[in-house]
Amino acid sequence: MRKPVIEFERFTFQYRAQSEPTLHEIDLSIYEGEKVLIVGPSGSGKSTLAHCINGLAPHFYPGERSGGLKIMGEPADGWNIAELSDRIGTVMQDPDGQFVGLTVAEDIAFKLENDGVAHAEMVRRVEEAAAEVDFLDFLNASPQELSGGQKQKTTLAGGLVGGAPILLFDEPLASLDPHAGRSTVELIDRLHRESKRTIVIIEHRLEEMLHCPVDRVIVIDDGRIAADLPPEQLLCSDLLRAKGIREPLHLTALRYAGCEVTPEMRPRSVETIELEPGAGRLRSWYEANAAAPETAVREPLLELNGITFGYDPARPVLRDVSLSVGRGEILCIAGRNGAGKSTISRLICGFHKPIEGSIRLEGRDLLDDSIRERAQRIGFVMQNPNHMLSKPLLYDEAALGLLNRGVPAEEIRERVHETLRVCGLYPFRGWPVSALSYGQKKRATIASILVLRPDILILDEPTAGQDFRHYNEMMRFLLELNRGGMTLILITHDMHLMLEYGQRAIVLSEGRRIADAAPARILGDAALVEEAHLSETSLHLLARRAGISPEDEFVARFIRSEKELTS
Amino acid sequence: MAVKLLAYSDIASPVHRLNGVTKLLCFIIGSVTGMVIYDTRCLLALLAVSLTAFYLSKVPFKQYSFVLYLILIFSLLNQLAIFLFAPEQGTLIYGTRHELLHIAGHYSLTAEQLFYQFNVMLKYAVVVPLALLFLLTTDPSEFASSLNRIGVSYKIAYAISLTMRYIPDVQQEFVNISTAAQARGIDLSRKEKPGRRLKNAVSILFPLVLSTLERIEKVSAALELRGFGRGRRRTWYKTRPLTTTDAAVLTAAVLLSAAAFTVTFWDGSRFYNIFV
């Protein structure tokens with residue numbers, strides 16, 4: 001008989017600050033040695049479920065619970081967070097914000113230090129944990145020297161080191177580039193296979209997680225369990241689409257081609273799926289769809305020429321980078337963390353001055369323009385809206401930029417109202433900013449920039465941390481702006497976003513521009529993908545497996561028909 | 001990237017190699033001594049020691065220049081205030097009065113006052129490098145364990161060390177927020193009127209405070225999830241046993257302090273009088 005290690009029984013949880021329960025009557029058992037994936041849109045309650053398992057709720061985030069929750073066969077009520085942490089090792093998202101040690105070794109050791117483990121044993125166990133995630137060589141590295149994926153390895157080892165039989169991952173992919181995300185998924189899988197640990201993963205990025213097998217996928221929606229199925233069966237149902245979770249792209253493609261997908265075809269991943277009946281259909285779908293038109297040549301609006309820049313001139317962050325953005329274009333800038341993506345946008349906005357090279361807008365050199373003058377033409381939207389919102393009320397927030405420019409009150413009112421209407425925020429104009437949802441806040445920051453009527457909008461990771469529905473909403477909104485004539489520069493490592501919305505992409509690696517082409521072509525180039533820390537999309541692999549060539553043309557046709565179907 | 005103010009940097013120097021506990025104790029001994037005594041000879045000797053230690057540490061000037069200027073400005077203000085409120089303190093202490101210059105009313109400059117204020121300045125000069133040195137050359141995690149070793153609760157010790165750990169991050173965040181704000185016309189430079197500047201500073205601090213609170217919440221959740229605060233004691237991964245060098249430095253510090261106290265109080269007063 002399998003032994004349950006986590007048992008929810010008619011479990012309800014309500015945060016103290018909320019008027020409604022976030023979780024309703026959850027019945028769920030997770031068994032020893034299982035690997036379970038919990039998915040759901042934002043606000044569905046999946047994070048709360050994780051917090052209930054590791055004790056953050058109700059001990060850290062106060063609230064009321066009713067019904068039963070047993071961990072390792074014993075009621076969880078009697079345990080505080082520290083005692084629960086002996087049974088459940090939690091790996092949280094954003095390893096950056098929770099690095100407590102000054103070196104990898106110290107950070108891994110943190111749990112042991114708190115448990116009062118003796119020094120010699122501590123050193124031994126830290127080494128064991130580091131070896132388990134294959135990270136022994138980095139024990140003395142400091143967090144600043146590590147990439148996102150390496151930080152993730154450190155937090156993972158920190159979760160392992162206490163010897164807890166259950167590992168809980170709370171959105172492990174959230175802040176990783178596609179390449180690091182893929183390695184993390186493989187690492188979690190190896191940990192599962194090589195030890196008897198039970199693994200619970202909360203994540204909304206289903207396709208990436210299903211790169212490796214899982215035993216069950218649990219879909220949470222509106223605080224209830226909407227499905228509890230093996231992945232193969234879940235993927236063949238309509239549930240995912242109904243609940244606003246993105247299905248793996250290879251399945252969408254097969255659906256377009258009119259193939260029926262059954263659990264027997266092992267549809268979990270594009271690598272495992274049986275393509276015998278589907279390949280032919282895919283090929284005829286490919287033939288039937290018209291070739292994607294060549295992108296029009298556009299009049300250049302913004303041109304960067306031979307830009308070299310470094311905070312320390314001896315070690316430039318950008319080396320001889322040139323690029324141009326056409327009027328009305330959507331350009332993506334991709335590359336791994338530290339490749340110079342953000343630096344480029346900072347140079348364009350005038351936050352720094354390049355050591356060499358020129359930046360021209362409509363042919364005019366911007367060198368002598370101040371930050372403020374450039375902001376009139378070029379808007380910059382930061383990734384985290386909370387970094388930009390500085391007024392308590394939405395209207396004031398949107399009006400701030402105009403107020404600072406001494407625009408007459410009457411005109412301010414008119415322009416703010418108009419912009420809020422465009423952004424779908426007009427009904428909220430009198431609201432406090434803090435009452436808006438994350439997506440609305442993000443829009444509010446865009447509105448506060450749009451109100452200045454720039455020609456170009458630069459957005460840093462516009463969809464980071466948002467689920468599929470919010471991602472779609474945000475991108476549809478940006479697309480509308482673009483149709484209205486706005487030129488967009490999107491800084492991102494989200495490959496889906498690049499593929500679906502980027503008309504062209506620039507790839508940076510170690511401060512150099514290594515590609516400038518259509519996103520589908522870039523993502524089909526194995527060497528480029530490797531260097532830029534992206535990862536091959538399932539569509540490319542699907543095309544290859546179905547014998548369709550060129551692969552990027554297949555991808556382009558897929559994206560085009562998807563756009564036609566959804567708009 | 002902005003230069004990290006007052007942040008620890010790993011430099012191979014004899015001062016960096018010393019144990020955190022040693023540096024903390026030296027700092028405490030040195031500053032108590034410097035604060036109590038007014039003996040010019042001893043202060044000069046201490047100053048020489050503290051400057052030598054600073055020189056040996058090879059800490060680049062950029063890392064503390066801002067703080068140093070700030071301290072200089074405040075000590076100048078302090079000097080001015082002493083003179084304004086107690087212009088005759090020197091004559092009171094040294095018991096003589098050599099007037100150099102009459103200024104106005106009952107304000108006149110005396111040699112005794114000058115000498116007294118020179119001594120006050122020397123005290124600062126002794127203590128400030130020691131404090132900076134301790135902050136700049138102590139690995140924050142070792143800092144926490146040092147505090148804990150001399151009896152401070154580990155929770156407080158860790159809170160202090162975490163704050164130090166996140167200072168560079170918050171600085172970076174401030175730069176990001178303020179540049180983005182500048183783009184919207186929120187100007188913090190001198191071009192703006194003072195009233196407006198203050199208002200603008202508030203609009204930048206607002207998001208900074210919010211995001212810092214967010215960060216604190218995240219970090220404290222992470223700490224708790226890893227069992228922080230469960231017991232009254234904890235162990236430390238980074239604890240180094242005291243070496244013979246540490247012992248030697250500590251002994252030297254104690255001897256030096258004892259010598260300074262002896263020399264100073266030999267004649268029963270903590271002042272060194274050059275006027276009799």
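Residues A:R374 and A:D369 are not paired through a salt bridge, judged by the lack of any N-O separation under 4.0 Å between the basic side chain and the carboxylate. A salt bridge links A:D107 with B:R226; the closest basic N to acidic carboxylate O contact falls under 4.0 Å. Under a 4.0 Å N-O distance rule, the pair A:D460/A:R346 does not qualify as a salt bridge.
Among B:S203, B:G231, B:S211, B:A221, the residue with the largest count of heavy-atom pairs under 4.5 Å with chain A is B:A221. Of the listed residues (A:E106, A:M388, A:M382, A:Q376), the one with the most heavy-atom contacts under 4.5 Å to chain B is A:E106. Most heavy-atom pairs under 4.5 Å with chain A: of the set B:L208, B:N176, B:V202, this distinction falls to B:N176. Counting heavy-atom pairs closer than 4.5 Å to chain A, the top-ranked of the candidates B:L205, B:L223, B:T179, B:I204 is B:T179. Of the listed residues (B:A180, B:G229, B:G227), the one with the most heavy-atom contacts under 4.5 Å to chain A is B:G227. Annotation: maximal heavy-atom pairing with chain B below 4.5 Å, among A:S390, A:A375, A:S142, A:S85, occurs at A:S390. Counting heavy-atom pairs under 4.5 Å between each of A:A109, A:G116, A:G401 and chain B puts A:G116 at the top. Counting heavy-atom pairs under 4.5 Å between each of A:I88, A:D115, A:L112 and chain B puts A:D115 at the top.
Using modelled atom types, one finds no donor on one side chain facing an acceptor on the other under 3.5 Å when comparing B:S145 with B:N148. A donor-acceptor contact under 3.5 angstrom links the side chains of A:N114 and B:R234, judged on distance only.
Residue A:I378: no heavy atom, backbone or side chain, is found under 4.5 Å from chain B. Contacts of A:T155 with chain B are absent, with no heavy-atom separation under 4.5 Å from either backbone or side chain. Only the side chain of B:L162 has a heavy atom closer than 4.5 Å to any heavy atom of chain A. Residue contact with chain B, scored on non-hydrogen atoms closer than 4.5 Å, involves the backbone and the side chain of A:F110 alike. Contact of A:N80 with chain B is not made at all, since no heavy-atom distance falls under 4.5 Å. Heavy-atom distances place the side chain of B:E214, and not its backbone, under 4.5 Å from chain A. If you measure heavy-atom distances from A:N384 to chain B, the contacts under 4.5 Å come from the side chain alone. Only the side chain of A:V126 has a heavy atom closer than 4.5 Å to any heavy atom of chain B.
Between B:Y237 and A:H119, the ring planes lie tilted relative to each other; the angle falls in the 30° to 60° range. Note: A:Y61 and A:Y15 have perpendicular aromatic rings, judged against thresholds of 30 and 60 degrees for the angle between ring planes.
B:L133 places a side-chain heavy atom less than 4.5 Å from the side chain of B:S57.
A cation-pi geometry, defined here as NZ or CZ lying under 6.0 Å from the six-membered ring centre and within 45° of its normal, holds between A:R87 and A:W79.
A:E397 places a side-chain N or O within donor-acceptor distance of the main-chain N or O of A:K391, the cut-off being under 3.5 Å.
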